[in-house]
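Structure, as C-alpha cells:
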Amino acid sequence: MTTLLQTRNLSKNFGGLAAVQSVDFDLQQGEIRAIIGPNGAGKSTLVGLISGRIAPSAGTIAFQGQSITKLPAHARVARGIAYTFQITSIFANLTCRENILLPAQRAAVAASGLFGRVDEAALITRADEILARVGLGDQADTKAKEMAYGHQRLLEVGMGLALHAKLLILDEPTQGLSDSEIANFIDLIRTVSKETTILLIEHNMTVVMDLAQRITVMNFGQVLAEGTPEEIRANPAVQTAYLGG
Ligand code: ADP
Ligand code: MG
C-alpha cells in the first residue's frame, strides 16, 4: 500500500474553539475512506485544511510524500486534490459540457504550460466521455441550473475526473438526494474509485457502510476511532458517541 496523504498534528482553532485538534490522518492510495461524526465534529474543517481552503493553526500535510502544508488551494488542485462542497463549484448558467470543459482545460494547461497547445476538439471529446461516464451523456447541452439536484452532484464528480484528480474529496454528497439517486451515486463512486482515491464525508450510514473500505470517526475535533465498517460498527466508544448506543 502506498500512502497518498498524511497529516501530522494537524490543528485548526477558530478563536478559542479547537475545531481540529492534533489529527494524524493517513490515506492509502486507491481506498474509499469515509469520515463520520456528529455535527460540529470538525469533518468539514479537516477536509478544508487538506484542500487548502483553510489554513492550519499547527501541523503538517503531505501529499504523495511531499509537503503541501504551505501550498495555496489552487496549487493543491494542480497536484490532483479535488474538493467539492455542495454545488459551489458549478457554474449555473453554463451547460454540463462547459462545466466539465473548465476543469478539463485547467488540467490540460497544467500539463502543457499556459501557452502550450491545448487541442480543443480533444478536450470536447474528453468532456463528453466524462459526461457519459457519470451518466449525464444526454444532458451535455443542458444548463447546470436546469438540472435535477442529484444530477448536479454527478456533474461535480465529473468535474473532479476532468481535473485528473488523484484524490476526490466529497463533503456530504448525498445530502438531498432521493433513494434512487443515492443508489446511482454509490455505483458511480465505486466506478470512479478505480482511478482515484475517495475521501467522503457522509451522514447516511447506508452509504458509508456500503462504500467505505475504512471509516474515520471524528468527535470534538479529534479522531475517535478508525477501522473497517465492521470494526466501527462494533466499537463501543463509537456507539456511545455517535451511533446512539
Ligand atoms: P462538521 O463538518 O463535522 O459538522 P465543522 O468542521 O464544520 O464540523 O465545524 C467544527 C467546529 O468548528 C464547529 O464547532 C463549527 O461551529 C466551528 N467552525 C467551523 N468553521 C468555522 C469558522 N469559519 N469560524 C468559526 N467557527 C467555525
Ligand atoms: Mg460539515
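Computed from a predicted model, the values in this text were never measured in an experiment. In each ligand, atom 1 is the first atom listed, and ligand 1 is the first ligand listed.
Residue-ligand proximity, P38 to ligand 1, at heavy-atom distances under 4.0 Å covers atoms 3 (O). Interface atoms of ligand 1 facing A41, defined by a heavy-atom separation under 4.0 Å, are 1 (P), 3 (O), 8 (O). The ligand atoms of ligand 1 that sit less than 4.0 angstrom from a heavy atom of N39 are 4 (O).
In summary, S44 places an N/O/S atom under 2.8 Å from the Mg ion (ligand 2), meeting the contact criterion.
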Check your understanding: Which is it for F25 and L49 under the side-chain contact (heavy atoms from CB on, under 4.5 Å) test, yes or no, and what are the steps along the way?
Key -> CA-CA 12 Å; F25 179 75; L49 291 165; over 6 Å; no

Review point. Where do H203 and K43 land on the side-chain contact (heavy atoms from CB on, under 4.5 Å) test, with the steps shown first?
Key: CA-CA 11 Å; H203 274 302; K43 307 179 297 296; 4.2 Å; yes

**Study point:** Residue pair T216, E226: steps toward the side-chain hydrogen bond (donor to acceptor under 3.5 Å, both in side chains) verdict
**Key:** CA-CA 4 Å; T216 301; E226 204 166 83; 2.9 Å; yes

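The protein heavy atom nearest to atom 5 (P) of ligand 1 is T45 OG1, 3.6 Å. Here the heavy atom of the protein found nearest to atom 3 (O) of ligand 1 is K43 NZ, 2.7 Å. When hydrogens are left out, the protein atom nearest atom 8 (O) of ligand 1 is G42 N, 3.2 Å; that is the closest non-hydrogen contact. Among all protein heavy atoms, the one lying closest to atom 10 (C) of ligand 1 is G40 O, 3.4 Å. Ranking the protein heavy atoms by distance from atom 7 (O) of ligand 1 puts S44 CB, 3.7 Å first. Summary of contacts: the protein heavy atom closest to atom 24 (N) of ligand 1 is F14 CD2, 3.5 Å.
In this structure, the separation between CG on L5 and CD on E31 is 10.0 Å, given to the nearest 0.5 Å. From L27, atom CG reaches atom OG1 of T7 across 10.0 Å, with rounding to the nearest 0.5 Å.
At a threshold of 4.5 Å between non-hydrogen side-chain atoms, the residues I124 and R97 count as touching.
Transitive grouping of hydrophobic side chains (ILVMFWY, heavy atoms separated by less than 4.5 Å) brings L4 and V47 into a common cluster.
Distances between N or O atoms of L46 and those of ligand 1 include no value under 3.5 Å. Note: no N/O pair closer than 3.5 Å links L17 and ligand 1 by distance alone.
Residue E120 places its CD atom among 12 or fewer non-hydrogen atoms of other residues, nucleotides or ligands, all under 6.0 Å distant. Heavy-atom neighbours of Q222 CD from other residues, nucleotides or ligands within 6.0 Å: above the threshold of 12.
Remark: atom 16 (O) of ligand 1 lies closer than 4.0 Å to no protein heavy atom.
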